[in-house]
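So the structure is just underneath, and the comments pick up after that.
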Amino acid sequence: MTEVVLGKNQYGKAQNHVVRIHRDTDRHVIRDLVVTSQLRGDFEAVHTEGDNGHCVPTDTQKNTVFAFAQKYGITSPEELLLKLSEHFTTEFEWVTGGRWAADEHAWDRINDSDHCFVQNKQEVRTAVLVTDGEQQTVISGFKDLTILKSTESGFEGYPKDKYTTLPETTDRIMSTDVATRWRYNTTDVDYDAVYADVKKIILEKFTDHYSRALQETLYLMGKAVIEAHPEIDEIRFSCPNKHHFVYDLSFCDIENPGETHYAADRPFGLIEATVQRKGAPEAEAAWAGITGFC
Ligand SMILES: O=c1[nH]c(=O)c2[nH]c(=O)[nH]c2[nH]1
């Protein structure tokens, strides 16, 4: 007789798009989040016996997201996720943890208007909270932040074999879409302030050195973040190297001294790296479900 057992499981409502307008004063504030709630705990009978006695409906999870956005407001994505976790793990004794995630789309004021906004497409902010009993791990980040430096980047000194055609260069375009996630070692964080500072550090680091490889630049960015923020133990990057090739216009006798480029959309280099605080405990389980990082 073949025997089977239920393995790891979680369930909930994915991608609840909640737009909360804070209208306490005439100067409105908008927070635009896509929130996913997933519960973990004793859901054995739901799966193996068709007994829904423990099955908090995904519909209820959705309603709770919207109710909490209204009741508590949205101070930061991370704080909303912490409230949801606290609620589900205390309201239902068989819920021992879960995974809550949010993507935030930022809006900027139009001409400093109190109530008119233009969506800021610079980057999407990300937040994940994993609760396992008493253990809570917050991983924040962003994706799709496209940046480019038009000089102060090169690539040389690499090994060459019979398949190598790439010319060495000390002056090239370097461009990438930054995707990064950083893991906090505490939940006692001013999440919006740290987010703004980490983004600032990453952008500043991009500008402040001659880059010998995208790998070096990512490492310098990560190092600067860990050094500036004791509450962050680990930061990961996944960054395409968006190649820009100087277009050879010699066929029509036009000089092109590194000015007109062919921006190839594929293939692209894919550079991924983690920078960690030395000696800090790892938290691999919290990263499960976060795709696209090594
Ligand atoms: O910054 C770079 N890193 C690489 O690993 C690499 N490989 C390559 O062909 N060009 C580059 N550029």
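Counting convention: from 1, in listed order, for ligands and their atoms alike. Reckoned from all heavy atoms, side chains included, excluding hydrogens, waters and symmetry mates. Quick caveat: nothing in here was measured; it's all calculated off a predicted structure.
Heavy-atom contacts of A213 reach the following atoms of ligand 1: 1 (O) (cutoff under 4.0 Å). Near L214, meaning under 4.0 Å from one of its heavy atoms, ligand 1 places the atoms 1 (O), 2 (C). Close contacts between ligand 1 and R172 involve ligand atoms 1 (O), 2 (C), 11 (C), 12 (N) [criterion: under 4.0 Å to a heavy atom].
With ring centers used as reference points, H87 lies under 6.0 Å from F68.
For atom 9 (O) of ligand 1, the closest heavy atom belonging to the protein is L166 CD2, 3.5 Å. Counting protein heavy atoms only, atom 8 (C) of ligand 1 is closest to F155 CE2, 3.6 Å. The shortest contact between atom 3 (N) of ligand 1 and any protein heavy atom is with Q215 OE1, 2.9 Å.
In this structure, E156 has no heavy atom closer than 4.0 Å to ligand 1.
In this pair, Y184 and W182 present their aromatic rings perpendicular. The plane angle is above 60°, beyond the 30 to 60° band. The aromatic rings of F43 and H54 sit perpendicular, their planes meeting at an angle over 60°, well past the 30° parallel limit. Ring geometry, H105 versus H17: the interplanar angle falls from 30° to 60°, so the pair is classed tilted.
The shortest N or O to N or O distance between N241 and ligand 1 is below 3.5 Å.
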| request: Begin from the C-alpha positions of D103 and T126 and carry the test side chain to side chain donor-acceptor pair (under 3.5 Å) through to its verdict. | output: CA-CA 5 Å; D103 284 356; T126 59; 5.3 Å; no

| task | Using the salt bridge (Lys or Arg N to Asp or Glu O under 4.0 Å) rule, take R181 and E234 through it: C-alpha gap first, then chi angles, then the decisive distance, then the call. | result | CA-CA 8 Å; R181 306 254 188 172; E234 176 179 2; over 6 Å; no

